Amino acid sequence: MNVKYMFSFMAVILLFLLAYAGVEAAGLQVVFGIIIPYTALAVFIMGFICRIMCWASSPVPFRIPTTCGQQKSLPWIKQSKLDCPDTNGGVVLRMILEVVFFRSLFRNLKLRVKEGGKFYYGLEIFLWVGALAFHYAFFTVALRHLRFFTEPVPFFIKILEQLDGFFQFGLPIVYLSGIVLLAAALYLCLRRMLSPQVNYISLAADYFPLFLIIGIALTGILMRYFAKTDVVAVKELTMGLATFHPTIPQGIGGLFYVHLFFVSVLLMYFPFSKLMHMGGVFLSPTRNMPCNTRAERHVNPWNYPVEVHSYEEYEDHFRELMIEAGLPVEKKE
Amino acid sequence: MSDLPKSDELFAGLDHKPQKKDWMDTPVNIRKGMYCYSANPASMETLGAPFARKWNPLEEDWKLPENWQEIIHNGFRERLDRFRTFKVFMDICVRCGACADKCHFFIGTGDPKNMPVLRAELLRSVYRNDFTTFGKLLGRVAGARPMTLDVLKEWWYYMFQCSECRRCSVFCPYGIDTAEITIMGRELLNLLGLNIDWIATPVSNCYKTGNHLGIQPHAFKDMLDFFVEDIEDITGVNTEPQYNKKGADILFITPSGDVFADPGTYTCMGYLILFKYLKDKYGLDVTWSTYASEGGNFGFFTSHETMKRLNAKMYAEAKRLGVKWILGGECGHMWRVISQYMNTLNGPADFLEEPVSPITGTKFENAKSTKMVHISEFTADLIRHGKLELDPARNDNLKVTFHDSCNPARGMGMFDEPRYVIQNTCNHFYEMPANTIRENTFCCGSGSGLNAGEDMELRMCGGLPRANAVKHVRDKFGVNMLACVCAIDRAAFPDLMNYWVPGVDVTGVTELVGNALILPGEKERDTDLRGEALPGMEEDDAE
Ligand code: SF4
Ligand code: SF4
């Protein structure tokens, strides 16, 4: 048993019980349905902004992009414009590839030791596929949930829902994104537990958000397909939140409050955790700077003068030897 | 190094599966053969480094100042405030493990703390403890741990098992550059005087005499004179260079390793031949400098400040001599510094001109601000314009492969220029497997000041992935020559090749040029620059 994931697992179970019992036994609907969601949102927004500001407050003293392709040099040598961009436009493209398609993750090469003492580095795309599936499913699910916070529901959400429910298995329509989210989160979780190297580097803080997200997906799926949930009442609550006229309608089960609580916890946890990679990826100086380091001077705001060993000191030290060896000197004496 | 295990034993003992025990509970084991000796206090005093003292990494007591934890803490904070890289990289790693098996030191040692992510976690764990809310509240559960003597020793051991090659940063989805973290880690260690001697002594030498090896001006000239004689024996042409010449067009700076030890010396002979050729044919006016007689910069492996103090000589000397621009020789980390730091540290170089090749008229637009051009860029341009008369057949005994040195690869993006030069000076060129070259290139295992003698096992481990790829082309194509554009490579590879891939020699790219270039008025050569018979000349030898 690994304490790290047990700890995170127990934490999520505890959160579940807290919300469920809080609503079903203690009748704390107002707390879990109104106060915590609002607090969570405030913490998330403030925390996110603070974090970005905190990063941005540290300067970038040197321009140190990682050059992952041919530099721009002689006119007849083909520059690798995406992996070694020398213009801001190129950097934007590089960042888009990074943020939207996880380009660097796509490069992943897995080491295999072959017989006969040979190393082999094979393309390893599962992590890339898993990560893409996870992030895009999450994104789609989040967008889809806007239907609970808008009235009338904007057309693009309706289109999204139609696409998402394209593979119709029966009633109610099965949304692919929810299933993919759960599957991808499970994959990432299992990978963390079972791959010896990844397991070794993992912290409790790596399992916690995964368990939490699995919890969110599970409660969501349960409500939609299995436990009967009064969608009209739920929408009344969410619209209340969105319009700042919060109400607690009757007839919403504990499961919904658990779901909402999990999401709230995720939001509150976000700014203080590694989940901030969402913002950080944009600020990574090895990717977001143009590779024109010799063509444009980069200024370091805290560059300070240093003591150097000047030529004069050098010549004073070696003058005789230099003269003897026939080397030119500034002062001949 | 008699304690070095045999290469097949070392390979057979490799295991990439980490042990069960948590890494935080696995104390560091500083092992002979895997670490470098501590810095000589006298060398540290040259630059006024703090806490210069004699200490031994194997001993329990490292003779630290009493408030060492406070020094580390404050130093950490200061660097977080100064470097966005450091702050962001401390925060956003998701421990996805994509970088884990990308590090040559992990591949070659199987030590899980050589996975880039874990190397960074060594610092990150302390960062969480000292600077984050969760870390302060939850401690170990949040991946935090306090700074103890054991942690410090672990830092030291693993910060000097990273060659700052940046391979990990290519694969990280957030571009987290563990080299940058190592750079910070080493700066922090230096605050406590915990440098290694293989870095501190070259730094001290460079500061005083102008180069890492401490070659004094007259000796520097003697050494080049010696090459001039050798070249004259081989070609019949006197290639005497100019030194410290005011008003020359171009200042040439190369790592002093090329002046000092084989096989770099042959690369140096290549430079002399090239400059002589260009002088006779086109009147090129190049000067060497004894003051700025070091291209490399081991200060970079110490701290940003030390890097700046050593690097200052390049512009200072260019200014004093009144040259138009600077040409740089073949060196790895030298080019990282020139490409990404020099102009920021010691520029603007507005007393220089935007570099233009006086022979072809090519403007080196990519170097227009830093005003320093790489010899491979310069030579490739000359060849492209048909300005060099070359006889590649003189390199026909060689089956050449090219090693992309980490820094020109991932800190500069120079891939095709040296290849173009090789392909025009040699008839037999073979690439190593695609996943081991260009931006995916593997370090020689000895970069960033780790090319000492006492850490030979570490170097052989770290160089294994590179050697393994060379072995592939040796077995497949009969490759017998490993070309590179780095002086540390040239110093490190001969041992590495002997250990893993016997039968493969090491050369600089400009050595190949020196062999192929037909000097005006030269006699018929019967040997190459190494004194080995040229193709077709072997029988004459036997007679
Ligand atoms: S690839 Fe990047 S995010 Fe993933 S473990 Fe390595 S450093 Fe962390
Ligand atoms: S920079 Fe190179 S040596 Fe250092 S951790 Fe990354 S891959 Fe390993």
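So that the names make sense, note that chain A is the first sequence line, chain B the second, and so on, each numbered from 1. A quick note: this is a predicted structure, and the numbers were derived from the prediction, not measured.
When each of Ala349(B), Pro433(B), Ala409(B) is checked for heavy-atom pairs under 4.5 Å with chain A, Ala409(B) comes out on top.
Between Tyr311(A) and Tyr291(B), the two ring planes are perpendicular [angle over 60°; tilted spans 30° to 60°]. Note: Trp302(A) and Phe83(B) have perpendicular aromatic rings, judged against thresholds of 30 and 60 degrees for the angle between ring planes.
A donor-acceptor pair under 3.5 Å links the side-chain atoms of Thr67(A) to the main chain of Gly413(B), judged by distance alone. Using a distance-only test at 3.5 Å, with no hydrogens or angles considered, a donor-acceptor pair links the side chain of Asn303(A) to the main chain of Thr344(B). Listed for the Arg309(B) side chain is no donor-acceptor partner under 3.5 Å among the backbone atoms of Val306(A). Side chain of Arg95(B) to backbone of Asn199(A): no donor-acceptor contact under 3.5 angstrom is found. Distance alone, capped at 3.5 Å, places no donor-acceptor pair between the Lys245(B) side chain and the Pro328(A) backbone.
Contact annotation for Glu354(B): neither backbone nor side-chain heavy atoms come within less than 4.5 Å of a heavy atom of chain A. Heavy-atom distances place both the backbone and the side chain of Lys110(A) under 4.5 Å from chain B. Interface remark: Val94(B) contributes backbone and side-chain atoms alike to the contact with chain A (heavy atom separation under 4.5 Å). Contact of Arg438(B) with chain A is made through the side chain alone, with heavy-atom distances under 4.5 Å.
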Going through the checks in order, is the salt bridge (Lys or Arg N to Asp or Glu O under 4.0 Å) test met by Arg294(A) and Glu365(B)? CA-CA 9 Å; Arg294(A) 274 188 295 157; Glu365(B) 297 271 355; over 6 Å; no
Could you go through the side-chain hydrogen bond (donor to acceptor under 3.5 Å, both in side chains) check for Tyr314(A) and Thr209(B) one step at a time? CA-CA 7 Å; Tyr314(A) 169 87; Thr209(B) 60; over 6 Å; no
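Side chain to side chain, Thr286(A) and Ser169(B) fail the donor-acceptor criterion of an N or O pair below 3.5 Å. Checked by atom type, the side-chain pair Tyr174(B)/Glu98(A) shows no donor-acceptor distance below 3.5 Å. For the residue pair Glu377(B) and Gln71(A), a side-chain donor N or O sits within less than 3.5 Å of a side-chain acceptor on the partner.
Across all non-hydrogen atoms, the minimal contact from Thr362(B) to Leu74(A) is CG2-CD2, 3.9 Å. Among all heavy-atom pairs drawn from Ser73(A) and Glu417(B), the shortest one is OG-OE2, 2.5 Å.
Using non-hydrogen atoms only and a strict 4.5 Å limit, the part of residues 117-126 of chain A facing chain B consists of Gly117(A), Lys118(A), Phe119(A), Tyr121(A).
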